[in-house]
Amino acid sequence: MPLASYGVLVGRLVRFAREDPDDFGSWYHGKMYIAAPAGEYECAVDVSTPSGVPVQYREVRNLNPQLFASTAALNDGWHLLASTPTSGALDYIRSPLLRGSGGCVTVVYDPLLAWLNEILKSPRFGWIDSTADNALNLLEQRLLGCERVYVFGAPYSTDLGVHDIHYNQGDPPGPFQHLDGIWQDGGTVIKRPGGELTAVLTKFKPQSLTTDGNGLPL
């Protein structure tokens, strides 16, 4: 059974904050506060936990604006998204938007460089173990001076906010696997000064990046 509700919050960053590392709940978060017509939303990004479950993060730069056009056209506010490839929903494995642009350019076809580019564009490449600070330092840096923020995840059940701003599939058997599904991943897409689109993504290390049509690990 996938998430009960999924969508994207579109708005302007008001401020960014970190929880007190000596006083937080089950997960340690960085929090973005986003202005939208309904009010100010709190958006909590998981970056660490005292339970010992490691968190990883990945940045994807220079997203293709054509692939993001339908989401970019949305008005500020919260928008429900269907868990389909055409709704604007994110899927770390399946979304062409998150494939990256590769890293090696050549004017003559070279099989080795083509193979290397495929690796660099793979959703399995580029994940970094979070120490909490390194993930939040990156997110905070990318948010500086941003023009607009798009936060994908699930809405708070009370008050204005977004959580589950992370990979939402591939969980091993346990308390979270029943929430797995495809085309419902969370993440933060940032429109930076000059218009560049950058995604900051997070996942829990035990989550598999190979899943079936129901988002379950293979």
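The first residue of the sequence shown is numbered 1, and numbering continues consecutively from there. All heavy atoms count here, side chains included; hydrogens, waters and symmetry mates do not.
Under a 3.5 Å cut-off, the side chain of Arg148 and the backbone N or O of Ala72 do form a donor-acceptor pair. At distances below 3.5 Å, at least one donor-acceptor pair connects side-chain atoms of Thr131 with backbone N or O atoms of Asn134. Distance alone, capped at 3.5 Å, is enough to place a donor-acceptor pair between the Gln184 side chain and the Asn168 backbone. Remark: the backbone N or O of Gln177 is not paired with any side-chain donor or acceptor of Asp171 at under 3.5 angstrom. Judged by distance alone, the side chain of Asn64 and the main-chain N or O of Gln66 form a donor-acceptor pair under 3.5 Å. Checking side-chain atoms of Ser87 against main-chain N and O of Thr84 turns up a donor-acceptor pair under 3.5 Å.
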Can Arg142 and Asn137 be said to form a side chain to side chain donor-acceptor pair (under 3.5 Å), step by step? CA-CA 9 Å; Arg142 295 298 180 252; Asn137 289 346; over 6 Å; no

Decide yes or no on salt bridge (Lys or Arg N to Asp or Glu O under 4.0 Å) for Asp76 and Arg12, but give the supporting numbers first. CA-CA 8 Å; Asp76 286 0; Arg12 177 181 57 83; over 6 Å; no

Do Leu139 and Leu143 pass the side-chain contact (heavy atoms from CB on, under 4.5 Å) test, and can you show the C-alpha distance, the side-chain angles, and the key distance before you say yes or no? CA-CA 6 Å; Leu139 179 59; Leu143 288 168; 3.9 Å; yes

Given Met32 and Val45, is the side-chain contact (heavy atoms from CB on, under 4.5 Å) satisfied, shown in steps? CA-CA 8 Å; Met32 299 174 287; Val45 180; 3.8 Å; yes

Using side-chain contact (heavy atoms from CB on, under 4.5 Å), reason through Gln169 and Asp91 one step at a time and then give a plain yes or no. CA-CA 9 Å; Gln169 55 183 307; Asp91 189 302; 3.3 Å; yes

Walk me through whether Arg192 and Glu147 qualify under salt bridge (Lys or Arg N to Asp or Glu O under 4.0 Å). CA-CA 6 Å; Arg192 305 193 66 214; Glu147 298 178 7; over 6 Å; no

Verdict with supporting geometry, Leu197 and Val189, side-chain contact (heavy atoms from CB on, under 4.5 Å): CA-CA 7 Å; Leu197 294 169; Val189 175; 4.3 Å; yes

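Two residues are said to be in side-chain contact when any heavy atoms from C-beta on lie closer than 4.5 Å; Ile128 and Gln56 fail this criterion. Taking 4.5 Å as the limit, every side-chain heavy atom of Val14 sits out of range of all side-chain heavy atoms of Ile34. With a 4.5 Å cut-off on side-chain heavy atoms, Val149 and Thr188 count as touching. Residues Thr211 and Asp180 form no side-chain contact, since every pair of their non-hydrogen atoms from C-beta on lies 4.5 Å or further apart. The side-chain heavy atoms of Thr210 and Pro217, taken from C-beta on, include no pair separated by under 4.5 Å. The closest side-chain heavy-atom distance from Thr202 to Ser130 is not below 4.5 Å.
Pairing each heavy atom of Ser48 with each of Val55, the nearest pair is N-CG2, 3.8 Å. Considering every non-hydrogen atom in both Trp127 and Leu209, the closest pair reads NE1-CD1, 3.5 Å. Smallest separation of non-hydrogen atoms from Tyr57 and Ala135: CD2-CB, 3.6 Å. Of all heavy-atom pairs between Pro193 and Cys146, the closest is CD-CA, 4.2 Å. Minimum interatomic distance between Tyr92 and Gly186 (heavy atoms only, all atoms of both residues): OH-O, 2.6 Å.
No continuous path of ILVMFWY side-chain contacts below 4.5 Å connects Tyr28 to Tyr167, so the two sit in separate hydrophobic clusters. One hydrophobic cluster holds both Phe16 and Tyr41 under the rule that ILVMFWY side chains link at heavy-atom gaps under 4.5 Å. Under the 4.5 Å side-chain heavy-atom criterion for ILVMFWY residues, a single connected hydrophobic cluster contains both Leu63 and Leu90. Leu97 and Trp183 are assigned to two separate hydrophobic clusters, defined by single-linkage of ILVMFWY side chains at heavy-atom distances under 4.5 Å. Both Tyr150 and Tyr6 are part of a single hydrophobic cluster, where members link through side-chain heavy atoms under 4.5 Å apart.
Rounding to the nearest 0.5 angstrom, the gap separating the OG atom in Ser208 from the CD1 atom in Ile93 is 6.5 Å. In this structure, Leu67 CG and Arg99 CZ are separated by 12.0 Å, a value rounded to the nearest 0.5 Å. To the nearest 0.5 Å, the span separating CD1 on Ile182 from CG on Leu216 amounts to 10.5 Å. Rounded to the nearest 0.5 Å, atoms OG1 (Thr198) and CG (Asn62) are 6.5 Å apart.
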Name each donor-acceptor pair under 3.5 Å that joins a side chain in residues 151-162 to protein atoms two or more places apart or in another chain, with its distance.
unit_1, atom_1, unit_2, atom_2, d
Tyr156, OH, Glu42, OE1, 2.7

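Salt bridge annotation for Glu196-Arg61: present, with a cationic side-chain nitrogen under 4.0 angstrom from a carboxylate oxygen. Using a 4.0 Å cut-off between a side-chain N of Lys or Arg and a carboxylate O of Asp or Glu, Asp185 and Lys203 do not qualify as a salt bridge.
Exactly one residue among Asp46, Val47, Ile165, Leu136 makes a side-chain contact (heavy atoms from CB on, under 4.5 Å) with His29. That residue is Asp46.
For an aromatic pair to be called close, the ring centres must be under 6.0 Å apart, and Trp27 with Phe204 satisfies this.
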